[in-house]
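Notes follow once the structure below has been shown.
Along the sequence shown, residues carry numbers from 1. For clarity, every value in this text was computed on a predicted model and none was experimentally measured.
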Amino acid sequence: MRVLYLYAHPLPESFHFAIREEVRAGLAEAGHDVDLCDLYAEDFDPVLSAAERRGYHALRDNRAPCESYIRRVEAAEALVLSFPTWSFGLPAILKGFFDRVFIPGVSFTLQDGIARPNLTNIRKIAGISTYGRPRWNAIWVADPPRMAVTRYLKALTGWRAQVEYHALYNMNQVTEQRGRAFLHRVRRRMAQF
């Protein structure tokens with residue numbers, strides 16, 4: 001499959017960089033064609049401008065500010081996202097990607113004022129995240145990053161995409177052994193993706 005890999009972490013020395021390398025290795029083992037979209041390395045601007053918001057529903061013109069990213073989404077058959085969970089949310093750069101790229105005519109259409117899914121080219125989605133706190137803290141606040149991947153993105157595919165979510169909780173106390181085990185699990189899952 002053609003996989004768009006949305007990667008959202010600014011530091012090359014981070015644990016997420018190790019995740020990124022394991023994801024890429026696993027997807028390569030599976031024979032997938034991977035388009036790595038490193039949002040920080042590509043200097044993606046997550047800010048939805050006033051002009052973009054005013055033209056949000058103008059289907060002929062709303063694509064222009066992010067056309068190259070939109071083409072990458074439309075060419076994909078699968079999405080993989082890896083990101084840290086910060087303040088129980090997506091990193092701003094990834095949220096901004098959704099705000100600016102998943103626009104009317106791309107991720108959904110409006111018919112009689114009702115949003116209809118439009119990412120029907122996406123058959124599989126995987127989310128991979130780390131959390132600084134234990135899982136029960138994330139559950140207490142409804143785990144927004146998990147919901148964004150497993151519900152929001154799946155809804156944009158018309159509920160058709162197969163979705164998996166891999167999380168490493170309590171990073172502030174993770175042992176080297178637990179970190180290695182997570183990396184191994186992620187690579188194995190991506191090799192089966």
- salt bridge (Lys or Arg N to Asp or Glu O under 4.0 Å) evaluation trace for Arg72 with Glu42: CA-CA 13 Å; Arg72 292 164 81 176; Glu42 294 185 22; 2.9 Å; yes
If only atom types and distance count, is the side chain of [X] paired as donor or acceptor with the main-chain N or O of [Y] below 3.5 Å?
| X | Y | result |
| --- | --- | --- |
| His32 | Met1 | yes |
| Asn172 | Pro134 | no |
| Asn121 | Glu74 | yes |

- Query: Has Arg20 got its NZ or CZ under 6.0 Å from the middle of the six-membered ring of Tyr7, at an angle within 45 degrees of the ring axis?
  - Reply: yes
- Query: Looking at Tyr69, is Arg63 sitting on its ring face, NZ or CZ under 6.0 Å from the six-membered ring centre and within 45 degrees of the normal?
  - Reply: no
- Message: Is any side-chain heavy atom of Leu81 closer than 4.5 Å to one of Ile128?
- Response: no
- Task: List in chain and number order the residues that pass salt bridge (charged side-chain N to carboxylate O under 4.0 Å, His left out) with Glu176, two or more places apart in sequence or in another chain; answer none if no residue qualifies.
- Result: Arg180
- Phe98 and Tyr152 aromatic ring geometry - parallel, tilted or perpendicular at 30°/60° bounds: perpendicular
- Please determine, by modelled atom types, if Tyr131 and Asp143 share a side-chain donor-acceptor pair under 3.5 angstrom. yes
- Short side-chain donor-acceptor distance under 3.5 Å, His16 and Thr130: yes
- Stepwise salt bridge (Lys or Arg N to Asp or Glu O under 4.0 Å) check, Glu29 with Arg187: CA-CA 9 Å; Glu29 288 171 24; Arg187 183 173 182 156; 2.6 Å; yes
- Query: Is atom CZ of Arg151 surrounded by more than 12 heavy atoms (other residues, nucleotides or ligands) closer than 6.0 Å?
  - Reply: no
- Query: Closest heavy-atom contact between Ile125 and Thr157?
  - Reply: CD1-CG2, 4.1 Å
